[in-house]
Amino acid sequence: MSENVSHRFDRLPATDGEREIEGRPTREEILAFWTERFGVPSETFEAYTFWERGNGKIWAFAGELESPVDIEALGLSFMRTRQEHWKPTTEAVQRFGSRADRNVVRLDRAAAERFLAGEDQRLAWDGDWGYLIVTHDIAGGPEPIGVGLYVHGELRSQIPKGRRRDFSGE
Amino acid sequence: MDALSRYEPIVDDFEAFRSACRRPLPPVVRVNTIKTTIERARRGLQEAGIELDPVEWHPGLFRLPEDQPGANWPYSHGWIHGQEEVSAVPATVLDPQPGERVWDATAAPGSKTTQLAALMDDRGLVVATDNNMGRLSALRSNTERLGVTNVAVTNEDARNHSLKPFGGELYDRALVDVPCSCEGTIRKNPDTLEEWSLGHVEGIAGVQKGILTRAIQATREGGTIVYSTCTFAPEENEGVLDHVLEAEDCRLLNFELPLAYRDGVTEWDGETFDPQVERAKRIYPHHNDTGGFFVAKLEVTG
């Protein structure tokens, strides 16, 4: 078995049978995760290739390149694997999350503002625990804000520090 | 402002030019059509109580006369990006198409990279290069917030750009928006000219020639390059074009621009440039009430 090389982008194998690096997720598993967890249809990612750089950091790139690629960034930072529960990034949820119809929680404006500010909050939710796609209504329709972790009756904001905004004082 | 007085021979209505350079500019945002529509972004800004004025020549640009672009919901969703109005010119002149291979030679902090990706419907390849890691991290956070998926980012000096990670294939188009003496940004940064020197202008012109040369060599025959700066200095503008017209296989193209402009100058400081440089365009602050800019369109011929 070869090893994951932390500084370069390696394309994910299509299936288990093509896997050469231990622990590396497959394209098939990534698509199944988005469909099973969030109901995002696999066609959404038809034009995309998936890449790992760093331990379990998966990137989505809108094209084809010869693997590996040794550069600074390739496409969009997409999700984290190689941990107990796979976790989509804020960026991936904002870009693709509007196609989700499962494990999506829709907040009112005040709750959405608390979520964007990085606050945890009590929330009644009778669906699965774990990572949820959090949306609110803006400009005539719902729009994904990011990822929330729902446990013990609480929605924990996973908005990264640099993306948080606090509108409460304005 | 003394650095600007050297341009009196080439700028019409020089007093209006000087006084425009002293007036500040309102913040401008560009709508990111990768994540939303112009109409929805407008509605989102209005819901947030943000006053906006359309920019006549470009439907995806709004002036925000009383606001900061970064503290509202449309920004958090990656629907808008703060970008000075004239800085939206070069990507529109380059006019990249979905599916093409495009190089952004000096890309950080990424306003034009993300604009190129949006013009391509986020399809094809935009290679975004910068030699400074700090600026690259700003580029990365902008491409991520705007949801760009067709970008590949490299950290290198554009003069030595390698096509190796991308299969060695030449580009269809390149945007060469080079580092410059930034005289045209004085309305945003009034202290820009404090450290101005002719030595700096001449030194940076050498770097600009190197970057544009590499872009011509890395672009296929018939491919398009846009060369742009935010400065008025002919040494960094027509002088650089004159150099590559002489040394490389390329020619300057005529193009349309929906803003008032003046043609490139063919004579400066005792020097005469290739007459093709007239096809370049000089955008002055007093003609459209914008920052200053220089833009030229080239075709690779060999």
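If you're wondering where the values come from, they're calculated on a predicted model, not measured in any experiment. Sequence lines set the chain letters: A, B, ... in the order given, protein chains first and strands last, and positions in each chain run from 1.
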Non-hydrogen atoms of chain B under 4.5 Å away: do they reach the side chain of [X], the backbone, both or neither?
X: Phe96(A); value: side chain
X: Glu113(A); value: both
X: Leu65(A); value: side chain
X: Pro144(A); value: backbone

- Would a 4.5 Å heavy-atom cut-off, applied to side chains only, mark Ile34(B) and Arg95(A) as touching?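 Side chain of Ile34(B) against side chain of Arg95(A), heavy atoms only: contact under 4.5 Å found.
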When rounded to the nearest 0.5 angstrom, what distance separates [atom1] in [X] from [atom2] in [Y]?
X: Phe61(A); Y: Asn150(B); atom1: CZ; atom2: CG; result: 7.0 Å
X: Leu76(A); Y: Glu144(B); atom1: CG; atom2: CD; result: 5.0 Å
X: Ile138(A); Y: Arg40(B); atom1: CD1; atom2: CZ; result: 7.0 Å
X: Thr129(B); Y: Glu72(A); atom1: OG1; atom2: CD; result: 10.5 Å
X: Trp59(A); Y: Thr149(B); atom1: CH2; atom2: OG1; result: 12.5 Å
X: Gln94(A); Y: Ser76(B); atom1: CD; atom2: OG; result: 7.5 Å

- Message: With chain A as the partner, which of Ala48(B), Gly70(B), Gly99(B) has the greatest number of non-hydrogen pairs under 4.5 Å?
- Response: Gly70(B)
- Tell me, out of Glu47(B), His77(B), Lys35(B), who's got the most heavy-atom pairs with chain A below 4.5 Å.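 Maximum pair count with chain A is reached by His77(B).
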So which heavy atom on [X] is nearest to which on [Y], and how close?
X: Ile71(A); Y: Ala152(B); result: CD1-CB, 3.6 Å
X: Gly44(B); Y: Ala139(A); result: N-CB, 3.8 Å
X: Ala62(A); Y: Arg123(B); result: CB-NH1, 3.5 Å

- Task: Using distance alone, with no hydrogens and no angle criterion, decide if Trp73(B) and Glu143(A) have a side-chain donor and acceptor under 3.5 Å apart.
- Result: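 Short answer, no.
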- Message: Heavy atom to heavy atom, less than 4.5 Å: which residues from residues 24-33 of chain B reach chain A?
- Response: none
